[in-house]
Amino acid sequence: MTKFIPYGCQCIDEDDIKAVVEVLKSDWITTGPAVDEFEKAITEFVGVEYGVAVSSGTAALHTAMYAIGIAPGDEVIIPTMTFTATATAVVFQGGRPVFCDVDAGKLLIDPNQVEAKITPKTKAIIAVDYTGQTCQYDVLREIADKNNLVLVADACHSIGGEYKGQKVGTLADITTFSFHPVKHITTGEGGMVVTNNAKYYQRMRMFRNHGITLDQRQRCEKGQWFYEVEDVGYNYRITDIQCALGTSQLKKLPGWIKRRQEIALRYDESFKGLSEIQPLDVTPYGSHAYHLYVVRVLGADRNEVFSFLRDANIGVNVHYIPVHLHPLYRRHFGTKEGLCPVAEAAYIQILSFPIFPMMTDGDVDTVIQAVYEAMAKNT
Ligand SMILES: *Cc1c(COP(=O)(O)O)cnc(C)c1O
């Protein structure tokens, strides 16, 4: 039996370990210089003014919702083909996630359907760069501007990607990243929000630290111990230990994306010979960061193929169960089958294959061979 090949996996090398150990030996292990360095490294990489590092990608989304002022009753349009955190971030602020369908080829939010979902209560659109390719940001920007909405990018899949030569992180008013171990670079758990908006930046710095204001003038006048809690905030801080890992990981990101693209190309070439396996469409306008490699299984039962591959030690997965079908959203927001027919039809067919930088060509071929065997058995 071959070893288990997961769908995603972090890569930690000696440089990363050294960077973390240095922090452990220093005076600051949280909210110190390594946090600032990581924020600076990411904002320079992306080409954006401000970055606020937080404890997870989910915290980043929540922080972004706070920054843009989402409040009870507000509606935020999101694609249903995403992780639940995109929707719960809206709910955390008392808002209503309005689920939008996706296009059948790429499973990205369908701009044509976004417009139909806009009401007087709509405040924002969250575009999710599902699998690592960017949404149609110029179209979404036009819709947002015309309707006075904030455009948010959930770029948890797409750090290092591009849209029409512009980097992910600069495509929306505010952008979130995740540094969970299955994502492109990791801090164990962690996330960041990036923006060019100074007001959002100030609000986010406060929000991640209990809603405490950083007014230096007041501290000088009233004493160094003085602070004020200005709003409901959270402890969404990230540690220096984690951020040292993040800064070290970021150096390797471009090479890792290149490797992900090579793996995807190897899959693409092999599956040309297999009519039952149809990779999602790739946009002509971007650089795909390939967080996920997703195919549709046609003319065979996806669940049977899934089981066969799991039995063969291939860590296939399904991304995602359309979020509006989860009991929470059905119960609180009355969502049900038929709301997003394209995503629902895709959900029955999709399968994610292993993709991570440390996969060897041999590992990729092991997956491909198992897929061919699965098809011979199931069709
Ligand atoms: C991973 C992910 C999140 C949440 O990130 P965490 O760091 O796990 O909290 C949110 N949205 C999308 C699209 C993700 O893939």
Side-chain angles (χ1 to χ4, degrees), residues 6-48 50-64 83 85 129 132 153-161 167-169 175-195 201 204-205 207-209 234-260 263 289-292 315 354-359:
Y7 86 85
C9 183
Q10 76 276 13
C11 172
I12 306 285
D13 66 18
E14 285 304 320
D15 286 354
D16 297 321
I17 293 167
K18 200 165 150 266
V20 170
V21 169
E22 269 173 32
V23 167
L24 288 171
K25 289 177 176 171
S26 77
D27 293 337
W28 291 93
I29 57 171
T30 195
T31 323
V35 177
D36 296 340
E37 274 163 36
F38 186 42
E39 288 172 345
K40 187 158 175 278
I42 291 278
T43 53
E44 277 175 6
F45 175 82
V46 166
V48 77
Y50 308 109
V52 176
V54 291
S55 52
S56 70
T58 305
L61 280 160
H62 185 191
T63 301
F83 185 56
D129 295 336
D154 176 345
C156 291
H157 293 189
S158 60
I159 190 168
K167 273 194 166 168
V168 166
T175 300
T176 65
F177 298 123
S178 164
F179 307 121
H180 182 275
V182 299
K183 304 292 164 65
H184 288 83
I185 60 169
T186 192
T187 56
E189 296 280 358
M192 199 179 293
V193 195
V194 297
T195 185
Y201 176 64
M204 294 193 291
R205 300 263 304 184
F207 188 71
R208 78 164 165 193
N209 190 32
Y234 292 73
N235 178 353
Y236 277 163
R237 295 186 305 260
I238 186 170
T239 66
D240 278 50
I241 305 164
Q242 292 168 293
C243 287
L245 179 56
T247 303
S248 179
Q249 290 257 303
L250 182 61
K251 294 179 187 137
K252 291 162 273 194
L253 178 60
W256 285 347
I257 288 177
K258 225 171 123 246
R259 179 62 192 149
R260 285 175 178 274
I263 293 167
Y290 279 109
H291 163 55
L292 298 175
I355 188 164
F356 51 93
M358 294 308 111
M359 263 183 108

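- The structure places NZ of Lys183 at 13.0 Å from CD of Gln10, a figure rounded to the nearest 0.5 Å.
- Sorted by first and then second residue, the ring-ring contact (aromatic ring centres under 6.0 Å, His included) pairs involving residues 7-43 (not counting sequence neighbours) are Tyr7-His319, Phe38-Phe179.
- Of all heavy-atom pairs spanning Ser248 and Ala19, the tightest one is CB-CB, 4.1 Å.
- Taking every heavy atom of both residues into account, Ser158 and Asp129 meet most closely at OG-OD2, 2.8 Å.
- Residues Glu14 and Lys18 are not paired through a salt bridge, judged by the lack of any N-O separation under 4.0 Å between the basic side chain and the carboxylate.
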- Please assess Val54 against Val52 for the test side chain to side chain contact (heavy atoms under 4.5 Å, CB included), listing each intermediate value before the final yes or no. CA-CA 6 Å; Val54 291; Val52 176; 4.2 Å; yes
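- Enclosure of atom CG in Leu253 by more than 12 non-hydrogen atoms of other residues, nucleotides or ligands within 6.0 angstrom is indicated.
- Qualifying side chain to side chain donor-acceptor pair (under 3.5 Å) partners for Thr43, counting only residues two or more places apart in sequence or in other chains: none.
- At distances below 3.5 Å, not a single donor-acceptor pair connects side-chain atoms of Lys167 with backbone N or O atoms of Val48.
- The two atoms that bring Phe177 and Val168 nearest to each other are CE2-CG1, 4.0 Å, heavy atoms only.
- Separating the NE2 atom in His291 from the OG atom in Ser178 is a distance of 8.0 Å, to the nearest 0.5 Å.
- Remark: aromatic rings of Phe207 and His62 are close, center separation under 6.0 Å.
- Looking at Glu39, its side chain does come within 3.5 Å of a backbone N or O of Ala53 through a donor-acceptor pair.
- When all heavy atoms of Thr30 and Ile238 are compared, the closest pair comes out as OG1-O, 3.5 Å.
- His184 places a side-chain N or O within 3.5 Å of a backbone atom of Ala289 that can act as its donor or acceptor partner.
- Taking each heavy atom of Phe356 and Ile263 in turn, the nearest pair found is O-CD1, 3.3 Å.
- In this structure, OG in Ser26 is found 8.5 Å from CD1 in Ile241, a value given to the nearest 0.5 Å.
- Screening Thr186, Asp16, Thr187 for a side-chain hydrogen bond (donor to acceptor under 3.5 Å, both in side chains) involving Gln249 leaves a single residue, Asp16.
- A donor-acceptor pair under 3.5 Å is formed between the side chain of Asp240 and the backbone N or O of Gly32.
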- Query: When you look at Phe83 and Asp154, which way does the side chain to side chain contact (heavy atoms under 4.5 Å, CB included) test go after all the steps?
  - Reply: CA-CA 10 Å; Phe83 185 56; Asp154 176 345; over 6 Å; no
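- Annotation: the span from Ile185 atom CD1 to Leu245 atom CG amounts to 8.5 Å, rounded to 0.5 Å.
- Between atom OG1 of residue Thr247 and atom CG of residue Asp15 there is a gap of 12.5 Å, rounded to the nearest 0.5 Å.
- Counting heavy atoms of neighbouring residues, nucleotides and ligands inside a 6.0 Å radius, atom CG of Asn235 exceeds 12 of them.
- Among residues two or more places apart in sequence or in another chain, the salt bridge (Lys or Arg N to Asp or Glu O under 4.0 Å) test is passed with Asp13 by Lys252.
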- Query: Passes side chain to side chain contact (heavy atoms under 4.5 Å, CB included), Cys11 versus Trp256? Steps please.
  - Reply: CA-CA 10 Å; Cys11 172; Trp256 285 347; 3.7 Å; yes
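- Within the model, atoms OG1 of Thr63 and OH of Tyr234 stand 9.5 Å from one another, a figure rounded to the nearest 0.5 Å.
- A pairwise comparison of heavy atoms in Ala59 and Ser56 identifies N-OG, 2.9 Å as the closest pair.
- Judged by distance alone, the side chain of Arg259 and the main-chain N or O of Met359 form a donor-acceptor pair under 3.5 Å.
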